[in-house]
Amino acid sequence: MKLSPPLHHLAADPVAAPEGVTVRCAAANFRWEQAVSDGRTDEYNAYVDVVATHNEWQGEHKGYLRSFVQVAKDHPRVSQSFMTVNSLAHLKEDLDNTYLLRLESLDSMVDSALLGPAIGEAFWLRFFNSQKDLRKDRLSDADEKLRGEFVDQWNARRVQARPIFAAFLNDFGGDLPAFVKADWPHLLRDRLGLTHWPSTPGKPLPVALICYTLDEVREARLAATKKGSVASFSRPTVLDTEMSAAFVPAPLLVGGESYGYTLDLANTGLPTAFTPELLTFPIEYQIKHIKALGFISRAHALQTDAAVLDARNRHVQGLQGQPGCGGFGEALP
């Protein structure tokens with residue numbers, strides 16, 4: 001990215017490194033990002049304006065996300081991720097239809113205090129121990145009412161029309177019935193680089209496995225009334241998410257199929273294969289999208305700054321070994 005002089009200064013490693021591993025890694029992400037257009041960079045530089053510290057930069061970055069990326073549902077325009085200004089990061093619109101996976105926290109949804117008549121708790125108690133029922137097309141009238149009310153409440157609480165991070169089912173074996181029998185909560189948490197889960201040490205985090213199709217995303221975009229959308233799919237960039245050491249930008253390859261690649265929290269070697277990640281236009285969840293319920297009950301392996309930095313360095317070195325990517329990024333000593 002062609003950052004403004006104040007941001008270019010803060011992104012330099014000698015300036016960022018003394019602020020700690022998280023700041024250092026987030027700054028490196030901006031240096032390495034290749035998929036943000038000059039036009040979007042100019043808008044970002046103008047929004048952030050002049051900042052003197054990394055804390056000020058982080059605050060302005062959060063404001064940028066709220067204003068342009070994680071937009072409210074009633075905002076007249078779509079997330080900038082799907083607008084012309086982000087065309088450098090857009091994926092092919094005619095990607096073959098296939099299934100996508102997403103891991104969602106249900107922590108607030110199963111808290112009856114937030115849902116009045118305990119809809120979330122009742123849904124969890126009914127379907128956690130009867131997950132085959134969860135995936136059935138038709139149940140009793142009472143069960144249909146319960147899961148319908150749950151999904152309605154869930155969608156109502158999703159007050160932002162933010163891009164949805166997702167991965168391909170095919171990269172997890174392609175067999176959903178087999179996948180839901182595995183330890184999918186921890187597998188997805190680790191493979192997708194979700195270092196913030198579980199958010200409370202010692203407290204299991206209830207999660208849902210979400211599965212939807214690329215065609216559903218395309219249909220949602222075409223049906224949307226918001227202005228400005230020109231794409232249904234995009235690769236994640238540093239301007240689409242919070243500043244984080246768990247996010248690493250990916251090299252930009254030609255051809256419209258240049259995905260992001262997640263940081264695998266469980267990998268202990270030099271990676272030779274990566275999990276593709278993309279952003280999809282936001283959709284409303286339906287009953288059929290919830291494929292399984294589970295818990296994230298144990299911590300991931302990257303519990304120290306040294307472990308995070310080592311994992312990132314190995315990830316970057318693995319990317320550098322891919323065709324045409326030798327000059328991407330750098331190992332941070």
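Values below: every heavy atom of this structure, side chains too, minus hydrogens, waters and symmetry copies. When a residue number appears, it is its place in the shown sequence, counting from 1. In this text the structure is predicted, and so the values were computed from the model without any measurement.
Linking Ile, Leu, Val, Met, Phe, Trp and Tyr residues whenever their side-chain heavy atoms come within less than 4.5 Å places Trp184 and Leu192 in a single cluster. In the hydrophobic clustering of ILVMFWY residues, with side-chain heavy atoms under 4.5 Å counting as a link, Phe30 and Phe247 come out together. Under the 4.5 Å side-chain heavy-atom criterion for grouping Ile, Leu, Val, Met, Phe, Trp and Tyr, Phe281 is connected to Ile283 within one hydrophobic cluster. One hydrophobic cluster holds both Trp197 and Leu209 under the rule that ILVMFWY side chains link at heavy-atom gaps under 4.5 Å. In the hydrophobic clustering of ILVMFWY residues, with side-chain heavy atoms under 4.5 Å counting as a link, Ile290 and Phe179 come out apart.
Side-chain N/O atoms of Arg235 and Ser258 include a donor and acceptor closer than 3.5 Å. Counting only N and O atoms by type, the side chains of Ser234 and Asp240 include no donor and acceptor under 3.5 Å apart.
Using a distance-only test at 3.5 Å, with no hydrogens or angles considered, no donor-acceptor pair links the side chain of His8 to the main chain of Arg31. One N or O on the side chain of Tyr47 and one on the backbone of Gly63 form a donor-acceptor pair closer than 3.5 Å. Side-chain N or O atoms of His300 include none that pairs as donor or acceptor with a backbone N or O of Asp190 at under 3.5 Å. A donor-acceptor pair under 3.5 Å links the side-chain atoms of Arg312 to the main chain of Ala245, judged by distance alone. In this structure, Glu144 contributes its side chain and Leu139 its backbone to a donor-acceptor pair below 3.5 Å. In this structure, the side chain of His186 engages the main chain of Ser297 through a donor-acceptor pair within 3.5 Å. Between the side chain of Gln131 and the backbone N or O of Leu293 there is at least one donor-acceptor pair closer than 3.5 Å. The backbone N or O of His75 sits less than 3.5 Å from a side-chain atom of Lys226, completing a donor-acceptor pair. One N or O on the side chain of Gln34 and one on the backbone of Leu252 form a donor-acceptor pair closer than 3.5 Å. Remark: side-chain polar atoms of His61 are paired, donor with acceptor, to backbone N or O of Thr241 under 3.5 angstrom.
For the pair Ile210 and Trp154, the tightest heavy-atom approach, listed with the atom from each and the gap, is CD1-CH2, 3.7 Å. Shown here for Thr195 and Ala246, the closest heavy-atom pair between the two residues is OG1-CB, 3.5 Å. For Val207 against Pro185, the heavy-atom pair with the smallest separation is CG2-CB, 4.0 Å. Annotation for Val15 and Leu10: closest pair CG1-CA, 4.2 Å, computed over non-hydrogen atoms. Residues Ala35 and Asn86 approach most closely at O-OD1, 4.3 Å, considering heavy atoms. The two residues Ala292 and Val180 come nearest to each other via the heavy atoms CB-CG1, 4.0 Å.
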Verdict with supporting geometry, Glu330 and Trp32, side chain to side chain contact (heavy atoms under 4.5 Å, CB included): CA-CA 8 Å; Glu330 63 196 275; Trp32 302 343; 3.2 Å; yes
Arg314 and Asp310: CA distance, side-chain angles, deciding distance, salt bridge (Lys or Arg N to Asp or Glu O under 4.0 Å) verdict: CA-CA 6 Å; Arg314 286 185 282 104; Asp310 181 60; 3.1 Å; yes
Stepwise ring-ring contact (aromatic ring centres under 6.0 Å, His included) check, Phe172 with Tyr99: CA-CA 11 Å; Phe172 293 85; Tyr99 286 99; over 10 Å; no
Stepwise side chain to side chain contact (heavy atoms under 4.5 Å, CB included) check, Leu95 with Arg218: CA-CA 10 Å; Leu95 291 172; Arg218 284 185 277 255; 4.3 Å; yes
Working for side chain to side chain contact (heavy atoms under 4.5 Å, CB included), residues Asp215 and Thr213: CA-CA 5 Å; Asp215 276 352; Thr213 67; 3.9 Å; yes
Evaluation steps, salt bridge (Lys or Arg N to Asp or Glu O under 4.0 Å), between Arg191 and Asp171: CA-CA 10 Å; Arg191 285 274 297 276; Asp171 289 302; 5.8 Å; no
Residue pair Lys145, Glu149: steps toward the side chain to side chain contact (heavy atoms under 4.5 Å, CB included) verdict: CA-CA 6 Å; Lys145 182 175 184 292; Glu149 288 179 343; 2.6 Å; yes
Worked check of salt bridge (Lys or Arg N to Asp or Glu O under 4.0 Å) between Asp183 and Arg298: CA-CA 12 Å; Asp183 184 14; Arg298 63 176 184 267; 3.1 Å; yes
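With a 4.5 Å cut-off on side-chain heavy atoms, Leu3 and Asn45 count as touching. Residues Pro206 and Asp107 meet the side-chain proximity criterion, which asks for heavy atoms closer than 4.5 Å. A heavy-atom distance below 4.5 Å is found between the side chains of Leu265 and Arg189. Two residues are said to be in side-chain contact when any heavy atoms from C-beta on lie closer than 4.5 Å; Arg158 and Ile164 meet this criterion. You'll find the side chain of Val78 stays beyond 4.5 Å of the side chain of Arg221, heavy atoms only. Thr275 places none of its side-chain heavy atoms less than 4.5 Å from the side chain of Tyr259. When side chains are defined from C-beta on, Ser105 counts as touching Leu205, because their heavy atoms get closer than 4.5 Å. Put simply, the side chain of Tyr44 reaches to within 4.5 Å of the side chain of Leu7, judged on heavy atoms.
Between His289 and the options Glu216, Glu284, Arg102, a side chain to side chain donor-acceptor pair (under 3.5 Å) holds for only Glu216.
With rounding to the nearest 0.5 Å, the separation of CD in Glu121 from CG in Leu106 is 13.5 Å. Taking CD of Gln80 as the start and CZ of Arg40 as the end, the distance is 4.5 Å to the nearest 0.5 Å. Here CG of Asp264 is found 9.0 Å from CG of Leu302. Values are rounded to the nearest 0.5 Å. With values rounded to the nearest 0.5 angstrom, Phe274 atom CZ is found 10.0 Å from Leu263 atom CG. Note: Arg24 CZ to Asp13 CG = 4.0 Å, rounded to the nearest 0.5 Å. Put simply, SG on Cys25 and CG on Leu332 are 6.0 Å apart, with the number rounded to the nearest 0.5 Å.
Counting heavy atoms of neighbouring residues, nucleotides and ligands inside a 6.0 Å radius, atom NZ of Lys73 exceeds 12 of them.
Considering only residues two or more places apart in sequence or on other chains, Phe123 meets the ring-ring contact (aromatic ring centres under 6.0 Å, His included) condition with Phe127, Phe150.
By the 30° and 60° cut-offs, the orientation of the rings of Tyr285 relative to Tyr212 is tilted.
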Hey, can you pull the donor-acceptor pairs under 3.5 Å for the side chains in residues 322-329, sequence neighbours left out?
from   : atom 1 : to     : atom 2 : distance (Å)
Gln322 : NE2    : Gly318 : O      : 3.3

